[in-house]
Amino acid sequence: MPRGRPAKPKLAIAVPAIDPDRRDRLRRALLDWYDRHRRVLPWRAEPGQTADPYAVWLSEIMLQQTTVAAAGPYFRAFLDLWPRVTDLAAARREAVLARWAGLGYYARARNLHACAEVVADCHGGRFPDTEAGLLELPGIGAYTAAAVASIAFDRPTVPVDGNVERVCARLFAIATPLPDAKPELRARAAQFAHDHRPGDFAQAMMDLGATLCTPRRPACHRCPWSGDCAAEAAGIADTLPARLPKGDRPVRHAVAFITLRAADGALRIRTRPDSGLLGGMAEVPGTPWEEGAPWDQAAALAHAPLSPQGWRLLPGVVVHVFTHFRLEARVMLRHLDRAEAAALDAAEAGEAGDPRWCPPEALGRAGLPSVMAKLVEHARIGTSEPGLPL
DNA sequence: TAAACGTGGCG
DNA sequence: TCGCCAAGTTT
């Protein structure tokens, strides 16, 4: 047998084993608390009822980096439109993306549809019932695989989200700042894995983090683990978990071109390339988004649809903050008469992104991401204002 | 491994 | 006004 480097099993880092008695005490206390304070959420099964794996999965995808309040209406709309995973798989991709508009992180919507197709076509319309099987699916990572496995299939695994990281950082008084502390926090959380009510335990951990063990001003006096928490004992709960300082957000500048068809007020939109920022979503045309100085008018107009003439610069700047940069966009507006609109259609025929007219009454269904809706709204408001020099 | 990837609410 | 934060995944 060749003596190559021994396969390094990417196991969790070593942490002191939790005392089994303490573990069981903590588990009992948390589940008792959960039974008394369990929140009613749209995707949550009634006590004693079996959770629908499709609903659990859908909710978990929507809840990634997203608040319960924001995800709720989307969850209900999706389940209403597409009650089963096979319905979602059969839906048109554009329809799914349009319904996702406004929720953000649009790769989730692309992967959502792809995942539904895999489940429908390769798994007979049923989700894999193991963590490893779920992990194979598009858009499902370590957290979501563990969440679905525990909540929908009673698998003894502990999903680790931001809540669980915070709860564990405090319970064990882990001073290492995030994200460096993630491996240790995962290992600590994993020690709670158990066959008894794994789904409820997972949701209880997250509820605890969402309602009592909150980022600021944690309510330790009401916590089921009060008296058993290292950070509480040390009086440092509100300082944990520590975080590495974040870098500054650069500013990108853009000019958006709002093109309206005078005859009916239709708006010119197109579809963005499939990958990257806002991939596959609808947009209004514009300049590239570039760091440095704001665009000067002539340079911007070189990117204008149809021709550089006839555009009016609207007053004001639209600011939109993304995770890794801030966008500051000016808006230029132009109304096209019948002949000009026809010329634009001819000029852009066959172009990538399927440039098209969206009638005003269809704007709501067009699926504009928030930043695009903001630009359009700015033009709607700005039309009553005089133009300013750029 | 680190960076990309949205949005809205809150203090 | 602004930074922080929310049930993370992908490349």
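To find a chain, count down the sequence lines: A is the first, B the second, and so on, and within it residues start at 1. Since the structure is predicted, the reported quantities are computational estimates derived from the model, not experimental observations.
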Atom [atom1] of [X] to atom [atom2] of [N]: distance rounded to whole Å?
X        : N      : atom1 : atom2 : answer
A/Ile140 : C/dT10 : CD1   : C1'   : 14 Å
A/Met281 : B/dA4  : CE    : P     : 21 Å
A/Leu178 : B/dT1  : CG    : C1'   : 16 Å
A/Leu103 : B/dG9  : CG    : P     : 12 Å
A/Leu212 : C/dA7  : CG    : P     : 13 Å
A/Phe75  : C/dA7  : CZ    : P     : 18 Å
A/Arg249 : B/dG6  : CZ    : C1'   : 11 Å
A/Leu137 : C/dT10 : CG    : C1'   : 15 Å

Determine whether the side chains of A/Thr271 and A/Arg356 contain a donor N or O and an acceptor N or O closer than 3.5 Å.
-> yes
[X] has a side chain; which of [options] sits nearest to it?
X        : options             : value
A/Arg108 : B/dG6, C/dA7, B/dG8 : B/dG6
A/Arg44  : C/dA6, B/dG6, C/dA7 : C/dA7
A/Tyr106 : C/dT9, C/dA7, B/dG6 : B/dG6

So does [X] get a side-chain nitrogen or oxygen closer than 4.0 Å to the phosphate oxygens (OP1/OP2) of [N]?
X        : N      : value
A/Gln65  : C/dG8  : yes
A/Thr144 : C/dT9  : yes
A/His320 : B/dG6  : no
A/His324 : B/dA3  : no
A/Lys246 : C/dC5  : yes
A/Arg110 : C/dT10 : no
A/Arg243 : C/dC5  : yes

Between A/Arg216 and A/Val371, which has a closest nucleotide on DNA chain B that is more 5'?
-> A/Val371
When you check the gap from the basic side-chain N to the acidic O, do A/Arg217 and A/Asp238 get nearer than 4.0 Å?
-> no
Does the A/Ser59 side chain pair with the main chain of A/Val56, one donor and one acceptor, at a distance under 3.5 Å?
-> yes
Between [M] and [N], how far apart are the [atom1] atoms? Round to whole Å, please.
N     : M      : atom1 : value
B/dG6 : C/dT11 : P     : 13 Å
C/dC5 : B/dC5  : P     : 22 Å
B/dA3 : C/dA7  : P     : 23 Å

Under 4.0 Å, heavy atoms only, any strand: does [X] hit a base, just the sugar-phosphate, or nothing?
X        : answer
A/Ile61  : nothing
A/Trp43  : base
A/Arg217 : nothing
A/Ala142 : sugar-phosphate
A/Leu41  : base
A/Gly209 : nothing
A/Pro159 : nothing

Look up atom CZ in A/Phe75 and atom CG in A/Leu103, then write down how far apart they are to the nearest 0.5 Å.
->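 Output value for this atom pair is 13.0 Å.
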Do [X] and [N] have a side chain to base donor-acceptor pair shorter than 3.5 Å?
X        : N     : answer
A/Thr66  : C/dG8 : no
A/Arg39  : C/dA7 : yes
A/Thr323 : B/dG6 : yes
A/Tyr105 : B/dG6 : yes

Whichever of A/Gly139 and A/Val68 has its nearest DNA chain C nucleotide further upstream toward 5' =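 Looking at the nearest nucleotide for each, A/Val68 comes out on the 5' side.
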A/His253 and A/Leu327: which non-hydrogen atoms are nearest, and at how many Å?
->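 That closest heavy-atom pairing would be C-CD1, 4.5 Å.
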Non-hydrogen side-chain atoms of A/Val148 and A/Phe127 separated by less than 4.5 Å = no
Is A/Arg99 positioned over the aromatic face of A/Phe78, cation under 6.0 angstrom from the ring centre and no more than 45 degrees off axis?
->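 The answer is no; the distance or angle limit is not met.
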Regarding A/Arg334 and the six-membered ring of A/Trp311, is the cationic atom NZ or CZ under 6.0 Å from the ring centre and inside 45° of its axis?
-> yes
